[in-house]
Structure formats: C-alpha cells, structure tokens
Amino acid sequence: MDRVRIFDTTLRDGEQSPGATMNIEEKLVIARQLERLGVDVIEAGFAASSEGDFEAVQRVAAAVAKPVVLSLARTREQDVDRAIRAVERAQRPGIHIFIATSDIHLKHKLMMSRRDVVDAAVWAVTRARKQLDYIEFSAEDASRSDPDYLVEVFTAVIEAGARVINVPDTTGYIMPEEYGALFRMLRERVPGADRVVWSAHCHNDLGMATANSLAAVENGARQVECTVNGIGERAGNTAMEEVVMAVKTRRERFGVDTGIVTEEIYATSRLVSQITGLAVQVNKAIVGENAFAHEAGIHQDGVLKYRQNYEIMNPESIGLASNRLVLGKHSGRHALVARIRELGLDMTDVDMNRLFDAFKALADAKKTVYDEDLIALVAQESVRGANVRDRYELVYLNVTSSSADVPFATVRLRIDGREVNGSGTGDGMVDACYKVISELTDQHPRLDRYAVKAITGGTDAQGEVSCLVSANGVTVTGQGSHTDIIQASALAYLNALNKLETRRACRQADAEVGP
Ligand code: KIV
Ligand code: ZN
C-alpha cells in the first residue's frame with residue numbers, strides 16, 4: 001500500500017488562527033501528542049519570526065524523536081540560518097523554505113520579477129542544502145500562479161536539492177478537479193518529479209480543503225499538510241482527521257495508507273481545542289460532538305439492528321469508546337490509571353497525585369466520569385504540569401445571584417503563596433467574579449472572548465470555559481473546567497492571568513539580560 005505522509009502544521013499555520021495563541025509549554029504538550037498520533041512531519045514554527053518561535057521550534061525539535069521537525073523560512077539568509085539552528089537538536093531535522101510565485105504576490109507584495117523569485121528560491125535551497133538533507137520548498141499561492149512558471153520554479157529548486165515540493169492553495173481558491181489536474185500536470189512536466197515527494201497544502205476558504213487535498217492524493221501527492229481540527233489562518237487548513245479517516249474509510253478508492261494511529265485522533269482533537277480555546281463545532285466531521293450521534297428514531301432503530309446501516313466508521317476507530325460510562329467515585333487509582341492507559345493519553349507532564357485529587361473531586365460532583373471527562377482532565381493537568389509554577393491559585397469562591405439582587409462574588413486567592421480575600425458586585429456572576437479577581441491580582445486585561453461548553457451531556461456535566469484576554473499587546477488564552485461553570489470561569493480567567501504573568505516575567509528577564 002502506498003503511504004501518504006501526514007505533515008502537521010497545527011503549531012505553525014494552526015497557530016495563525018485568530019486567537020489561537022499557545023505558549024511554548026503548550027506547544028510541547030501538543031508536539032508529544034502529535035508524535036503519539038504518528039504524524040510524519042511536525043512544522044514547529046517559523047524560527048525567524050520571533051524569539052518565542054525560535055525557542056518553541058528548538059524545544060519541540062529536542063522533545064520528539066520519530067517525526068521530522070521543520071521550521072518555516074523565507075528565502076532570506078537570516079531566515080534560513082535561524083531555521084537550521086532551531087532544528088539542530090532534532091533527530092530528524094528539516095527546513096521548509098517558501099516564496100510566493102503568483103503574479104499578484106510578485107507585483108503587489110514582493111515587488112520582485114519572476115527571475116528574481118527563481119534566483120531567491122534556488123539561492124535559499126542551495127544554502128540550506130549545504131547543512132541539511134531534508135528540504136521542503138513551497139510556492140506560496142501556487143494555485144493562482146502561472147502553471148508554466150510553476151514548472152520553471154519547481155524544476156530549478158529540485159535541481160538545487162529540494163526533496164519535497166509543496167503546491168499550496170494559500171487562499172483556498174481552487175476546486176478539487178483543478179487542483180488534481182495541477183498535480184497531474186506538474187508531475188508530468190517537471191524534470192525530476194519522480195525524485196521528490198509532492199505535497200498538498202490547502203486552506204478552507206470555500207470549504208474545499210479536504211476535497212482538494214484528496215484530489216491531490218488521487219493525482220500523486222504523497223504528503224498532505226494539515227492541522228488538528230482544521231484550525232488555521234482565516235477559515236483554517238485541511239483538517240488532519242478528515243483526510244486520515246477519508247483515506248482509511250475509502251481505502252479501496254484511494255489505495256493509500258497513512259501512519260496515523262487513528263485511535264489517538266479524538267484525544268488529540270480535545271487537547272488542541274482545550275489548549276487553543278477554539279471549540280470544535282458540534283457537527284464537525286469526525287471529531288464533532290454529533291459526529292457519531294444518531295438522533296432520528298429511524299436512524300437509531302437502524303443502527304441498533306445493524307450498525308453499518310448508518311455508520312461508515314466506528315467511534316472506536318478515532319478513540320471514542322462505545323462503553324463510555326467508565327468511572328465513578330468508588331473507582332480507585334488503579335482503575336483510573338488503567339483507563340488512562342486504555343485511552344492512550346500522554347502522562348509525561350501530569351502529576352499523578354494532583355490528577356487523582358482532581359478526579360476524586362470530579363467524581364464527587366458528578367455521578368459518572370466519562371472518557372471525555374477524563375480526556376479533559378488529563379489535558380488540563382498536562383498543561384498545568386508543563387507550565388511554570390502558577391502565581392495565582394483559586395482557594396475559595398462564592399458567588400450569589402437572584403432575580404432581585406445584584407450578583408455578588410467573594411473570592412480567596414493564593415498569590416505567591418499568600419492568601420488574599422476580596423468581594424464585589426458585577427453585571428452578572430462571571431462579571432462579578434472576574435472583577436474581584438482583577439482587583440486582587442491588580443491585572444485588568446481586556447476580555448476578548450469568553451465561551452462555555454458542556455463536555456458531556458446531563459445537568460451535572462462539566463462546563464469547559466475558554467477565554468481570550470489581552471494586555472500590553474500580549475494575547476493569551478485561558479481554560480478551566482468544572483461541574484460549576486462559575487468555578488470553571490474563574491479557573492479559566494486565572495489560567496490566562498498566570499500566562500500573562502509568565503510572559504511579563506520573561507520579558508523582564510530578557511530586558512535585564514539586554515540585547
Ligand atoms: O498557505 C501557505 O501558502 C503557507 C505556506 C507558507 C506553505 O502556509
Ligand atoms: Zn498555509
């Protein structure tokens with residue numbers, strides 16, 4: 001069976017989603033999960049774009065062993081050198097060089113001639129090739145470029161040593177038949193086409209990203225660039241889970257395999273959603289809450305009689321167990337560990353004692369703990385464990401509200417180990433609680449987004465709150481889950497404030513060290 005490589009760019013293109021900021025520790029948690037998932041390539045960031053990105057690429061490179069770890073780079077000397085330095089510690093290092101090739105970009109963005117672009121591309125690939133074997137080249141906005149010119153550019157960079165050729169649909173403009181035909185043409189006309197891997201990279205502006213990527217695969221692409229949950233710039237990138245499950249479910253048609261451990265898909269999706277604060281739409285293919293739910297009576301009846309009447313995939317194949325009722329307050333540590341192992345969750349950064357305490361508290365509040373609850377709990381503890389010590393901790397919270405009274409919050413926090421109390425009113429319960437926390441911490445960021453979602457069904461379900469806050473040009477997300485959504489809201493806000501605090505401390509340390 002032919003193999004299609006999965007190139008994951010959640011940490012680079014995915015992070016370009018509005019509001020999807022991740023700190024380095026969170027990127028490491030995701031990178032390790034991507035390795036468990038079995039992706040072939042991790043694009044860890046754009047090393048030259050900031051110190052933070054450089055460090056993130058460096059740390060991801062050192063943290064994973066199996067996937068190739070890449071940094072993105074423009075065709076500039078500084079970019080290429082920074083990218084190569086950032087992946088130095090990777091077991092399988094690589095660089096991803098790109099430059100735009102469409103006339104629109106040449107004229108209105110780069111102000112370069114076609115000749116200049118070919119020269120810049122060849123120069124950058126040649127420079128990188130002296131130090132690295134694994135070089136991917138992307139022609140940005142390829143789908144709107146002159147096909148003859150694409151042939152010229154790709155011929156030149158293959159000669160210079162590029163091993164992977166990527167044909168991005170940067171603006172999500174092309175249609176599946178056209179994209180497939182483009183791959184066919186390029187593979188026929190570019191000399192050396194059979195020596196390189198052809199790669200598809202699609203954006204979802206017209207909702208075609210998965211269809212386009214599959215059309216590319218049918219026409220010889222052997223790498224698909226994608227993100228978990230399809231997050232990314234504007235309408236997002238190709239969703240990894242959709243491509244992987246499409247080629248698995250329709251194996252007889254595509255005749256290809258991926259190396260993805262599909263049973264890790266659901267946990268990966270939840271982790272990315274929890275870290276980025278970007279909720280997955282309920283009807284999202286494969287990982288949406290309703291993806292395997294049968295509502296209509298006629299469907300339920302059909303599924304009960306014979307599952308395949310209405311199911312083309314098993315929920316188990318993406319890691320969603322059918323026996324979802326798992327643990328309760330009488331379950332012990334062994335049962336918890338066993339279930340976590342069965343679910344294949346990464347425990348690297350998890351403090352087992354804290355996890356067990358959190359599980360007990362949850363099991364007390366809620367009769368039954370489902371796999372989804374467990375996945376959320378482990379993701380929350382992974383992020384907490386990976387992050388540097390929190391400055392602010394919630395000790396106690398009491399919020400009252402009625403149709404006759406103004407909401408009133410009493411909060412006790414531990415700040416740097418010392419307990420402080422405060423109380424006050426607000427427009428609503430969350431507002432009252434956030435105002436008191438802001439007073440106690442003396443942090444008054446702008447709240448850009450606040451969202452709450454139930455992790456499972458039932459009135460005792462855990463609420464998962466995600467918020468996006470910004471202060472002094474820094475934007476961070478915060479997450480919290482609890483059976484009480486006001487508590488979850490407070491935890492999410494404190495999580496965001498802790499991240500802001502860490503960023504501030506890092507900036508201060510940088511300033512003290514000096515340039
Ligand atoms: O969409 C795009 O063109 C990109 C390139 C940098 C590959 O993300
Ligand atoms: Zn892109």
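The analysis underlying the following values was restricted to heavy atoms, covering all of them including side chains, and did not include hydrogens, waters or symmetry mates. Whatever order the structure lists ligands and atoms in, that order sets their numbers, starting from 1.
Distance alone, capped at 3.5 Å, is enough to place a donor-acceptor pair between the Asn498 side chain and the Leu494 backbone. Between the side chain of Tyr149 and the backbone N or O of Arg114 there is at least one donor-acceptor pair closer than 3.5 Å.
Each of the following atoms of ligand 1 lies closer than 4.0 Å to a heavy atom of His203: 1 (O). For ligand 1, the atoms sitting less than 4.0 Å from at least one non-hydrogen atom of His96 are 7 (C), numbered in the order shown with element in parentheses. Annotation for ligand 1: atoms under 4.0 Å from non-hydrogen atoms of Ser138 are 7 (C). For ligand 1 and Glu140, the ligand atoms under 4.0 Å from any heavy atom of the residue are 3 (O).
Put simply, the angle at the Zn ion (ligand 2) from NE2 in His201 to OD2 in Asp13 is close to 90°, to the nearest 10°.
Scanning the protein for heavy atoms near atom 6 (C) of ligand 1, the closest one is Arg12 NH2, 3.7 Å. Looking from atom 3 (O) of ligand 1 to the surrounding protein, the closest heavy atom is Thr170 OG1, 2.6 Å.
Electrostatic pairing of Glu501 and Lys499 does not count as a salt bridge here, judged by no charged N lying under 4.0 Å from a carboxylate O. The existence of a salt bridge linking Lys248 and Glu241 is excluded, since no basic side-chain nitrogen approaches an acidic carboxylate oxygen closer than 4.0 Å. Lys27 has a carboxylate O that lies under 4.0 Å from a charged side-chain N of Asp53, or vice versa, which qualifies the two as a salt bridge. Taking a cutoff of 4.0 Å between a charged side-chain nitrogen and a carboxylate oxygen, Arg82 and Glu51 qualify as a salt bridge.
Counting heavy-atom neighbours within 6.0 Å of Lys453 NZ, excluding the residue itself, gives a total above 12.
In terms of polar-atom proximity, Asp141 is not counted as a contact of ligand 1, lacking any N or O under 3.5 Å from an N or O of the ligand. At a 3.5 angstrom cut-off on N or O pairs, His201 counts as close to ligand 1.
Among the backbone and side-chain atoms of Glu225, no N/O/S atom is found under 2.8 Å from the Zn ion (ligand 2).
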